[in-house]
Trainee: 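This is the structure I want to talk about, given as structure tokens.
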Amino acid sequence: MEQRITEKLFELGVSDLVTTNNLIKKDGTRIFVDGKLIGFHKDGEKLVQELRTLRRSSKIHPHIGISIHKPELKGATQRLYVNCNAGRVLRPLVIINEGKSFLTQEVIEKISKKLISWTDLVRMGTIELIDANEEENSFVAMTRADVLSTHTHLEIFSASILGASASLIPYAEHNQSPRNTYQSAMAKQSLGFPSPTYHFNTAVREHVLVYPQNPLVHTRATSLLNLDKRPTGQNCVVAIMSFEGYNIEDAIVMNKSSVQRGLARSFFYRLYDGQAKQYLGGMHDNFEIPTADENTRGYRGEKHYRLLESDGVIMHESVVTGGDVILGRTSPPRFMEEYKRFEVKGPYRRDTSIAVRSSEFGVVDSVFMTENEDGEKLYKIRVRDMRIPEIGDKFASRHGQKGVVGLLVDQENMPYSEDGIVPDIIINPHAFPSRMTVGQFIESIGGKTASYRGTPVDGTTFAAEDITDLGVELEKYGFKKSGCEVMYDGRTGKKFKTDIFIGVVYYQKLHHMVSDKMHARARGQIQMLTKQPTEGRARGGGLRFGEMERDCLIAYGASMVLKDRLLDESDRTNINVCDKCGLIAFYDNQQRKYLCKVDGDSSTISTVTIAYAFKLLLQEMMSLNIAPRLITSEKV
């Protein structure tokens, strides 16, 4: 395509780099095709018009980007960029000429009768595909009513400026922009119904929401993206008030009875797999229950294998917990030295069984068995865990208002309205003033209206149902148009002094659950290099104690706790230091005593307790020809 465009440009009067005279080079327009300078043209503006006319009449490809750059500095030349390369994001816009849209009523009628397709609209020059560079040369009107004679293009639909995630936010134009950005990211973390074949999916991890619901306040993108068939949340009755401080700082209070009835319940699936490999020399892995004899290395103990059947595979629907073996497997020796011992002592095998992760538990949901192309047997075992909302689980509305569960309250202790409506969720009023997510207030009123009228409210950005009309409709059903209601304290039965804002908001359960993050450690593995605890929950690692945590302990005057955590319980080690030169001493096996390499027999050696990481630093400095000396004080 690049070659054809270059030829077309030369036909339209572009002069090449060799024959162009200096005057055109100085005052003319530089022509670039896919970033390469191909020549010059005396009138860049005219050339742009000619190229766009050709594109609109389908004489050149509709995906070609044509943009002209007019420099602000005096003396600098104009540049015309023609882009044909793949991967550019193109934005469809209706063409406007002298204040008149090319998308006439006649064309719209033909589209509605399906006489004209999308490609026909592009070919006719009604719609144009604009790339990011060409946007700089365009003046786009949002609606037909906004069109002026200076406009070059018109949006097909005002909400189409948004991407897939942002277009799902109802009343997004009423929110502060960062909140829409946060929701666009969180929508991808929400639980829903990922696939109708989730029973047989072999994804390593998968979440499924048990009772997904369509939102009562939806946008037109919801059906376009098929999210009406695969919803990602549930409609909750949400009250905005404080509740004994348990919803402070973005925490939310949930109705325990709603949770017991199935609100925000989900399943988590984890896949474990293992195969029986073939090795050189005819050796191979076996699926079996490892035996507790001297020929099996790494036997874990009888209780770990209790759920396995005779073929070494776990029973379907077994309840498993961390450390339980779900696939018994033994393997031949790994290294040559082991083969030598194997010849002397007789055959032995290693236990390479697959066990449930130490921090997880659940029920064996399904067991798949197959063979790969080499004839090796392959098992995939899926473990299912039901997740009921608990304190610490993360939820979010569609307006970037995220929060974790701070308390689960029995329904009889929750506040209730005059009609006996009890909220599912209580959120804090302080979440709104600084964040300015007015869209959530409107959604709440819209959800309330929709639940009474029986049809969803359209909350499409820039083209939604009017909030005033929703308020008027709400009054027909006997509510205040403000969305506030008189409410009573469930524990005392007393009426609250102020009305409470309550409505229906679509809430998403996110996959950040406390059961996946909870982590503690007493004793455990250490790293070989630094002799400090390993890092990370998966490896049973220690918890990082940072500078700020250290400052807190010092402020409390508990500095010996600091020594205990960061030295005694971490990487405390004793090293021998020469009192004379301050360098690390060593143990001489023949003389059976500690010696200093510098001072020899004349040295006196002291034992010093330091962190092993510090001893490592000293030795690394020595490797750089720096001699760090530890000055030992006199022994008392």
Side-chain angles (χ1 to χ4, degrees), residues 188-213 229-234 259-276 285-290 300 302-329 351-372 376-390 392-395 508-519 537-538:
K188 300 165 192 172
Q189 299 169 18
S190 60
L191 309 192
F193 181 63
S195 142
T197 60
Y198 74 90
H199 280 299
F200 317 105
N201 278 3
T202 53
V204 175
R205 40 180 294 143
E206 187 170 44
H207 290 272
V208 176
L209 189 66
V210 179
Y211 301 111
Q213 297 175 351
K229 295 179 185 139
R230 309 265 176 84
T232 60
Q234 292 172 324
V259 166
Q260 288 167 346
R261 287 191 288 263
L263 180 78
R265 192 165 293 209
S266 65
F267 282 104
F268 171 60
Y269 295 95
R270 164 81 66 189
L271 194 84
Y272 296 89
D273 63 344
Q275 68 183 89
D285 295 339
N286 289 338
F287 288 125
E288 59 188 354
I289 302 174
R300 296 164 195 238
E302 199 174 316
K303 66 171 187 178
H304 290 95
Y305 307 101
R306 70 188 187 282
L307 300 168
L308 300 184
E309 294 187 300
S310 55
D311 61 352
V313 185
I314 196 158
M315 282 190 297
H316 190 251
E317 291 297 318
S318 303
V319 178
V320 292
T321 186
D324 286 348
V325 171
I326 55 175
L327 189 59
R329 183 175 65 183
D351 179 359
T352 54
S353 301
I354 287 152
V356 176
R357 291 187 177 204
S358 57
S359 56
E360 291 184 5
F361 49 85
V363 177
V364 175
D365 183 72
S366 42
V367 179
F368 307 106
M369 193 275 282
T370 182
E371 283 187 358
N372 65 12
E376 298 170 342
K377 198 182 266 190
L378 183 73
Y379 278 99
K380 285 183 188 280
I381 297 168
R382 202 162 68 145
V383 177
R384 177 187 75 235
D385 178 23
M386 185 161 71
R387 299 282 175 86
I388 298 167
E390 57 182 317
D393 283 3
K394 190 176 180 185
F395 288 80
Q508 303 161 119
K509 184 183 187 185
L510 308 187
H511 67 225
H512 298 285
M513 284 174 252
V514 77
S515 57
D516 292 322
K517 304 199 176 213
M518 198 157 46
H519 174 42
R537 178 175 178 265

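Predicted model, so just to flag it, every value in this text is computed and none were measured.
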Trainee: Is there a donor-acceptor contact under 3.5 Å from the side chain of K380 to the main chain of F368?
Mentor: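 No: the side chain of K380 does not pair with the backbone of F368.
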Trainee: Taking the side chain as every heavy atom from C-beta outward, state whether D311 and F287 have any atom pair closer than 4.5 Å.
Mentor: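 They are not in contact (no side-chain heavy atoms under 4.5 Å apart), so the answer is no.
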Trainee: Mark yes or no for whether R382, through its side chain, and H199, through its backbone, hold a donor-acceptor pair below 3.5 Å.
Mentor: yes
Trainee: State, to 0.1 Å, how close D365 and H316 come at their nearest heavy-atom pair, and which atoms those are.
Mentor: O-NE2, 2.6 Å
Trainee: Please name the pair of heavy atoms, one in Q275 and one in R329, separated by the smallest distance, quoted to 0.1 Å.
Mentor: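 Smallest heavy-atom distance, with atoms named: O-NH1, 3.0 Å.
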Trainee: Quick one: does L209's side chain get under 4.5 Å of Q234's, heavy atoms only?
Mentor: yes
Trainee: Can R537 and K517 be said to form a side chain to side chain contact (heavy atoms under 4.5 Å, CB included), step by step?
Mentor: CA-CA 8 Å; R537 178 175 178 265; K517 304 199 176 213; 5.5 Å; no
Trainee: Please report the shortest heavy-atom distance between G323 and A355, naming the atom on each side.
Mentor: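 Distance-wise, the nearest heavy atoms are O-CB, 3.7 Å.
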Trainee: I'd like to know whether the aromatic ring centres of Y198 and F193 sit less than 6.0 Å apart in this structure.
Mentor: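 Yes; F193 has its ring centre under 6.0 Å from that of Y198.
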Trainee: Show the nearest heavy-atom pair for residues I314 and V320, with the distance to one decimal.
Mentor: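 Answer, listing the atom of I314 first, then V320: CD1-CG1, 3.3 Å.
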Trainee: To the closest 0.5 Å, what do you measure between NE2 (H512) and CD (Q189)?
Mentor: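 Atom-to-atom, H512:NE2 and Q189:CD are 3.5 Å apart.
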Trainee: When rounded to the nearest 0.5 angstrom, what is the spacing between OH in Y269 and OG in S366?
Mentor: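 Nearest 0.5 Å value for the OH-OG distance: 8.0 Å.
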Trainee: For the CG atom of N201 and the CD atom of E206, what is their distance to the nearest 0.5 Å?
Mentor: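 It comes to 4.5 Å.
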Trainee: Keeping R384 on the side-chain end and G362 on the backbone end, is there a donor-acceptor pair under 3.5 Å?
Mentor: no
Trainee: How long is the span from the CG atom in D393 to the OG atom in S515, to the nearest 0.5 Å?
Mentor: 6.5 Å
Trainee: Take atom CD of E317 as the centre, draw a 6.0 Å sphere, and report whether it contains more than 12 heavy atoms from other residues, nucleotides or ligands.
Mentor: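 Yes, the 6.0 Å shell around CD holds more than 12 heavy atoms from other groups.
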Trainee: When you look at I326 and L307, which way does the side chain to side chain contact (heavy atoms under 4.5 Å, CB included) test go after all the steps?
Mentor: CA-CA 7 Å; I326 55 175; L307 300 168; over 6 Å; no
Trainee: Starting from the C-alpha separation in whole Å, work towards a yes-or-no answer on side chain to side chain contact (heavy atoms under 4.5 Å, CB included) for M513 and L191.
Mentor: CA-CA 11 Å; M513 284 174 252; L191 309 192; 3.8 Å; yes
Trainee: May I ask you to decide whether R300 forms a salt bridge with D351, counting only side-chain N to carboxylate O separations under 4.0 Å?
Mentor: yes
Trainee: Please report the interatomic distance NZ(K509) to OG1(T232), rounded to the nearest 0.5 Å.
Mentor: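 One finds 13.5 Å between NZ of K509 and OG1 of T232.
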Trainee: Shortest non-hydrogen contact from Y272 to R357?
Mentor: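 Looking at all heavy atoms of both residues, the shortest contact is OH-N, 3.1 Å.
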Trainee: If we count only N and O atoms by modelled type, under 3.5 Å, do the side chains of S266 and R387 hold a donor and an acceptor together?
Mentor: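 Side-chain D/A pair, S266 to R387: absent.
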Trainee: Which atoms form the tightest heavy-atom contact between P194 and V208, and what is the distance?
Mentor: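 Reported closest heavy-atom pair: CD-CG2, 4.0 Å.
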Trainee: Drop me the distance from T202's OG1 to I381's CD1, to the nearest 0.5 angstrom.
Mentor: 13.5 Å
Trainee: Decide, yes or no, whether a salt bridge links D324 with R306 under the criterion of side-chain N to carboxylate O below 4.0 Å.
Mentor: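 Salt bridge: yes.
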Trainee: Using the side chain to side chain contact (heavy atoms under 4.5 Å, CB included) rule, take V364 and M315 through it: C-alpha gap first, then chi angles, then the decisive distance, then the call.
Mentor: CA-CA 8 Å; V364 175; M315 282 190 297; over 6 Å; no
